[in-house]
Amino acid sequence: MRVGLLTGGGDCPGLNAVIRAVVRTGAAEYGYEFTGFRDGWRGPLEPDVMPLDVQAVRGILPRGGTILGTSRTNPLSANATADGRTGMERIKDNLANLGVDALIAIGGEDTLGVAARLHEDGVKVVGVPKTIDNDLGATDYTFGFDTAVNIAMEAIDRLHTTAESHHRALIVEVMGRNAGWIALHAGMAGGANVILIPEQPFDIEQVCGWVEHRFQTRYAPIVVVAEGAHPKSGTEIAGGQRDAFGHARFGGVGHMLASEIEKRTGKEARVAVLGHIQRGGTPTAFDRVLATRFGAHAIRAVADGAFGAMVALRGTDIVRVPLAVATSELKLVPPERYAEAEVFFG
Ligand code: F6P
């Protein structure tokens with residue numbers, strides 16, 4: 001059996017740990033061979049492949065990023081049609097020509113959405129969920145999230161001391177798209193004075209009230225804001241650019257908040273946009289273990305013929321869920337989780 005492997009969408013710490021676990025488990029337990037596809041769905045579309053054996057995955061467990069490369073190429077878009085064949089047809093032809101019997105797709109909502117469609121078209125696919133945003137409905141956690149939260153928490157710890165020295169407010173903008181998980185967890189862990197998430201549109205007057213109260217207690221406020229957060233009266237702040245799956249590129253809410261806070265409170269406010277720092281570097285122990293377990297269970301799913309499934313974490317168990325279900329709904333922060341954090345605002 002020859003198994004193809006690809007990583008799609010935004011990279012995240014732990015991707016290499018999955019690749020290693022798939023290849024090591026697949027070679028040791030089942031004698032499988034592997035083909036690496038470069039740069040997400042671009043790999044099977046072109047095709048663009050790289051050799052992938054046990055030697056190739058030595059030493060990659062702690063390494064961030066992905067040795068396969070990634071992209072947001074969308075084979076379902078009209079742009080993917082070439083020589084009279086749709087993107088899906090090109091992928092199916094290339095898999096057949098390369099002798100790839102099954103495919104493991106490691107990705108988020110978009111990558112796994114394509115995997116679900118390929119499965120409907122008869123391709124043998126298994127999915128592995130990844131995203132720092134932790135917004136996939138079918139799994140309790142995705143790997144990459146814990147690392148991103150720890151990076152953001154460390155940044156908040158550092159910003160506390162400099163904010164206090166200068167008696168200024170510091171706004172920390174974190175990633176997460178339409179989900180506030182990174183902001184919520186990093187903000188709670190870092191003792192933020194205000195946490196703003198997309199699920200709970202904010203009232204700028206109330207935010208300024210919390211900021212002023214914090215100054216009155218002789219401490220400097222730290223406001224953690226998710227990139228997708230927006231005021232009650234407005235919409236999300238995103239740039240004009242969209243990716244191949246139609247997602248807007250977020251960014252700007254931190255600066256908007258800082259200028260409103262300065263204007264309304266008369267206090268100095270500065271912004272730290274953490275951006276891709278949250279996605280880079282070595283994964284935490286939690287993410288290495290989760291990624292390794294996902295990889296081992298994904299290749300077992302291939303061996304069992306459980307195609308159309310995605311591996312998922314439920315409690316402490318790794319389970320299989322249908323890809324179609326896994327990609328059907330985003331997991332957002334429920335109001336009661338936000339309420340737990342709100343007690344500490346101000
Ligand atoms: O989905 C992961 C993520 O890091 C989001 O949190 C963020 O909005 C987006 O990807 C950024 O994408 P890019 O790397 O294409 O700028």
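In each ligand, atom 1 is the first atom listed, and ligand 1 is the first ligand listed. As the structure is a computational prediction, the values presented were derived from the model and not from experiment. We use all heavy atoms of the structure for the numbers below, so side chains are in, but hydrogens, waters and symmetry mates are not.
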Asks: So which pairs with a foot in residues 310-339 pass ring pair (Phe, Tyr, Trp, His ring centres under 6.0 Å), sequence neighbours left out?
Replies: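 Residue pairs with at least one partner in residues 310-339: Y338-F345.
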
Asks: Residue by residue, ordered by chain and number, which ones reach under 4.0 Å of ligand 1 with a heavy atom?
Replies: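 For ligand 1, the contacting residues are R72, I132, D133, M175, G176, R177, E227, H276, R279.
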
Asks: Are F145 and H185 an aromatic pair, judged by ring center distance below 6.0 Å?
Replies: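 For H185 and F145, the ring centres are under 6.0 Å apart.
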
Asks: Could you go through N193 and V211, starting from their C-alpha distance and side-chain angles, then the distance that decides it, and tell me whether this counts as side-chain contact (heavy atoms from CB on, under 4.5 Å)?
Replies: CA-CA 8 Å; N193 310 112; V211 164; over 6 Å; no

Asks: Is it true that K331 and E329 have a side-chain N and a carboxylate O under 4.0 angstrom from each other?
Replies: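 No, K331 and E329 are not salt-bridged.
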
Asks: If we check side-chain contact (heavy atoms from CB on, under 4.5 Å) with F245, which of these qualifies: T73, L76, V114?
Replies: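 Single side-chain contact (heavy atoms from CB on, under 4.5 Å) partner of F245 among T73, L76, V114: V114.
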
Asks: Check each of V23, V100, I299, D101 against V3 using the side-chain contact (heavy atoms from CB on, under 4.5 Å) test, and report the only one that passes.
Replies: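 Exactly one option meets the side-chain contact (heavy atoms from CB on, under 4.5 Å) with V3, and it is I299.
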
